[in-house]
Structures are given as C-alpha cells and as structure tokens.
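Below is one structure, written out as structure tokens; the observations come after it.
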Amino acid sequence: GIRVPTLVQWSRKIKPGTVVSEPTSQMDIFPTVADIIRAPLPQDRVIDGRNILPLLGGATGPSPHDFLFHYCGGHVHAARYRPREGNVTWKAHFVSYNWAPGTEGCRKSPQQYGCWCAGPDVTQNDPPLLYDITNDPTEDRPISVDSDPKYRTIIDKIKEAVDVHVKSVADIKNMFTSLNQLPRPWM
C-alpha cells in the first residue's frame with residue numbers, strides 16, 4: 001500500500017526517528033534491498049518500484065515516483081501525481097466505490113464478500129475526481145473543474161501517465177477467476 005505505516009531499522013544508515021512523508025510503496029522494497037546488497041535489477045521486465053534508500057537516509061527531495069497507480073484487480077481506479085517542483089501530491093479517482101449508506105465500506109449486506117472492482121459497486125468518474133492529498137489527506141474535498149485553473153493541466157498529465165503505464169503492463173492470465181478460487185485437493 002501507499003499510506004501503510006512501515007518500520008525500518010538499520011542503525012548504521014537510518015537515523016532513529018526518521019519519518020518519510022513522501023509517497024512510497026511496498027513495491028519499493030525490492031529495488032531498495034537490491035541496491036543495499038548491490039544486486040542488479042532484472043532487465044527483462046519493467047520494475048515499478050524505486051530505490052528509497054536516500055529518503056530513508058534523510059534526503060529531503062521528492063518521492064522517486066512521479067506517479068503511483070491504485071489498482072482494483074486489473075483496473076486502474078486512481079493515480080497519484082507528485083510533481084518534481086513544489087510540495088503537493090495530487091490524486092485523481094477515475095473510479096469510486098459506491099459505499100453502503102452511512103459507511104465507508106462497500107458491504108451492503110453481511111452476505112456480500114468484499115468490494116467488486118466493476119459493475120454496480122463502482123461509479124466511473126467523468127470527469128475524474130481530483131484531490132490535493134497533501135492538504136486534504138482524507139480526500140473529503142474534491143477540486144472541481146471550475147474552481148481551480150490547474151485542474152485540466154493536472155488531470156491531462158495524470159491521464160497521459162496512466163495511458164503510458166497501462167501500455168507497459170504485460171497481459172497475463174487472470175489468477176482471480178472463480179475457477180481459481182475453488183479448492184483443488186489434488187494439487
């Protein structure tokens with residue numbers, strides 16, 4: 001996850017009490033550890049993670065990610081954009097969950113298992129919802145097309161990055177089909 005608290009201890013390299021507020025992801029662990037042990041990254045595939053050792057070491061620069069993509073299953077539902085200049089991180093929601101009334105959960109009945117990534121459980125946002133998550137981390141105040149002149153520029157930049165990203169993702173067999181959820185004691 002992106003806003004998941006993480007604890008790291010390496011007293012020779014990371015000062016106690018270090019806090020990283022820049023957007024990072026669990027996928028950053030692989031390239032960071034590879035750098036620590038001086039192992040080369042594979043060259044036969046796209047590695048989305050970035051080495052965050054400089055941030056862990058106290059560097060004050062921006063996140064090594066310009067963009068981070070939020071998936072539900074095989075669908076991009078949202079994307080974060082951290083420009084190199086300034087200190088604002090933007091998040092665009094292309095798809096939103098239809099929460100059960102009075103909750104922030106999608107289970108409308110005890111029988112419903114989890115949230116679905118498509119269909120009646122979600123709303124396609126057109127135009128996308130845009131948030132300044134540096135100043136609105138709970139994503140309560142979407143920025144409207146009319147209220148901020150930067151809206152169109154930011155959304156266009158995020159949409160372009162999503163298009164490039166989606167084209168870079170290899171098409172693989174879906175492992176989350178209902179057939180793959182059935183028990184197979186012979187395997």
Side-chain angles (χ1 to χ4, degrees), residues 1-97 99 103-107 113-117 122 128-143 154 157-158 161-162 164-166 168-170 172 174-176:
I2 295 171
R3 282 197 337 190
V4 177
T6 303
L7 298 173
V8 178
Q9 182 177 346
W10 188 13
S11 57
R12 290 184 301 144
K13 295 281 184 179
I14 302 170
K15 191 178 352 173
T18 298
V19 175
V20 175
S21 298
E22 288 293 324
T24 61
S25 173
Q26 292 174 352
M27 66 187 169
D28 296 329
I29 293 170
F30 175 62
T32 302
V33 170
D35 181 66
I36 291 168
I37 64 172
R38 293 180 174 79
L41 292 174
Q43 299 300 306
D44 62 339
R45 67 200 74 179
V46 175
I47 303 295
D48 291 324
R50 302 287 184 262
N51 179 3
I52 59 169
L53 195 54
L55 288 176
L56 295 173
T60 58
S63 168
H65 297 277
D66 290 343
F67 299 94
L68 286 168
F69 305 97
H70 296 253
Y71 274 83
C72 183
H75 310 279
V76 175
H77 275 204
R80 289 179 189 230
Y81 169 43
R82 174 60 169 96
R84 299 291 93 198
E85 288 82 34
N87 63 353
V88 174
T89 299
W90 302 96
K91 185 174 180 185
H93 285 264
F94 302 102
V95 180
S96 296
Y97 291 108
W99 300 126
T103 73
E104 289 190 7
C106 59
R107 291 184 63 193
Y113 176 74
C115 302
W116 299 104
C117 299
V122 299
L129 300 177
L130 179 66
Y131 297 90
D132 167 355
I133 61 172
T134 303
N135 297 302
D136 179 18
T138 56
E139 301 170 24
D140 291 326
R141 299 179 306 276
I143 296 166
I154 294 163
K157 192 154 189 90
I158 293 172
V162 168
V164 168
H165 169 73
V166 167
S168 77
V169 175
I172 60 168
N174 183 355
M175 301 306 291
F176 296 106

task: Give every residue pair that meets the side chain to side chain donor-acceptor pair (under 3.5 Å) criterion with at least one member in residues 34-54, sequence neighbours excluded.
output: D35-N51
query: Side-chain contact, heavy-atom cut-off 4.5 Å: L56 with T18?
result: no
message: What I want to find out is whether D66 reaches R84 closely enough, with some N-O distance under 4.0 Å, to be called a salt bridge.
response: yes
message: I want to know whether F94 and H70 have ring centres closer than 6.0 Å.
response: no
field: Selection residues 8-88 - residue pairs positive for disulfide (SG to SG under 2.5 Å), sequence neighbours left out
entry: C72-C117
query: Rounded to the nearest 0.5 Å, what separation is found between the CD1 atom of I133 and the OG1 atom of T138?
result: 10.5 Å
task: Mind checking the CZ-CD1 spacing from R80 to I158? Nearest 0.5 Å is all I need.
output: 11.0 Å
task: Please work out whether the ring planes of Y81 and F67 are parallel, tilted or perpendicular, with thresholds of 30° and 60°.
output: parallel
task: For residues L68 and M27, report the shortest heavy-atom separation together with the two atoms involved.
output: CD2-CE, 3.5 Å
- prompt: With a 4.5 Å limit on heavy-atom distance, are the side chains of I52 and V20 in contact?
  reply: no
- request: Look at the rings of H75 and H77 and say which category their plane angle falls in: under 30° parallel, 30 to 60° tilted, over 60° perpendicular.
  value: tilted
message: Atom CD1 of residue position I37 - does it have more than 12 heavy atoms of other residues, nucleotides or ligands inside 6.0 Å?
response: yes
message: With heavy-atom distances below 4.5 Å as the criterion, would you say the side chains of D132 and T89 are in contact?
response: no
message: What verdict does the side chain to side chain contact (heavy atoms under 4.5 Å, CB included) test give for D28 and H65, after you've listed the backbone C-alpha separation in whole Å, the side-chain angles of each residue and the deciding distance to 0.1 Å?
response: CA-CA 10 Å; D28 296 329; H65 297 277; 2.6 Å; yes
Where at least one partner belongs to residues 19-55, residue pairs that pass disulfide (SG to SG under 2.5 Å), sequence neighbours excluded: none
message: What I'd like to find out is whether the side chain of V169 reaches to under 4.5 Å of the side chain of Y71, using heavy atoms alone.
response: yes
Student check: side-chain heavy atoms of E139 and H93 closer than 4.5 Å: yes
query: Can you name the nearest heavy-atom pair linking P64 to L55, along with the distance?
result: CD-CD1, 3.7 Å
query: Minimum heavy-atom separation for P23 to S63, with atom names?
result: O-OG, 2.5 Å
query: Hey, what do you get for CG (D136) to NZ (K91), rounding to the nearest 0.5 Å?
result: 11.0 Å
message: Would you compute the distance between atom CD1 of I154 and atom CH2 of W90 and round it to the nearest 0.5 angstrom?
response: 4.0 Å
message: Do P42 and F30 make a side-chain contact, defined as non-hydrogen atoms from C-beta onward lying under 4.5 Å apart?
response: yes
message: If you define the side chain from C-beta out and look only at heavy atoms, does anything of W10 sit under 4.5 Å from L53?
response: yes
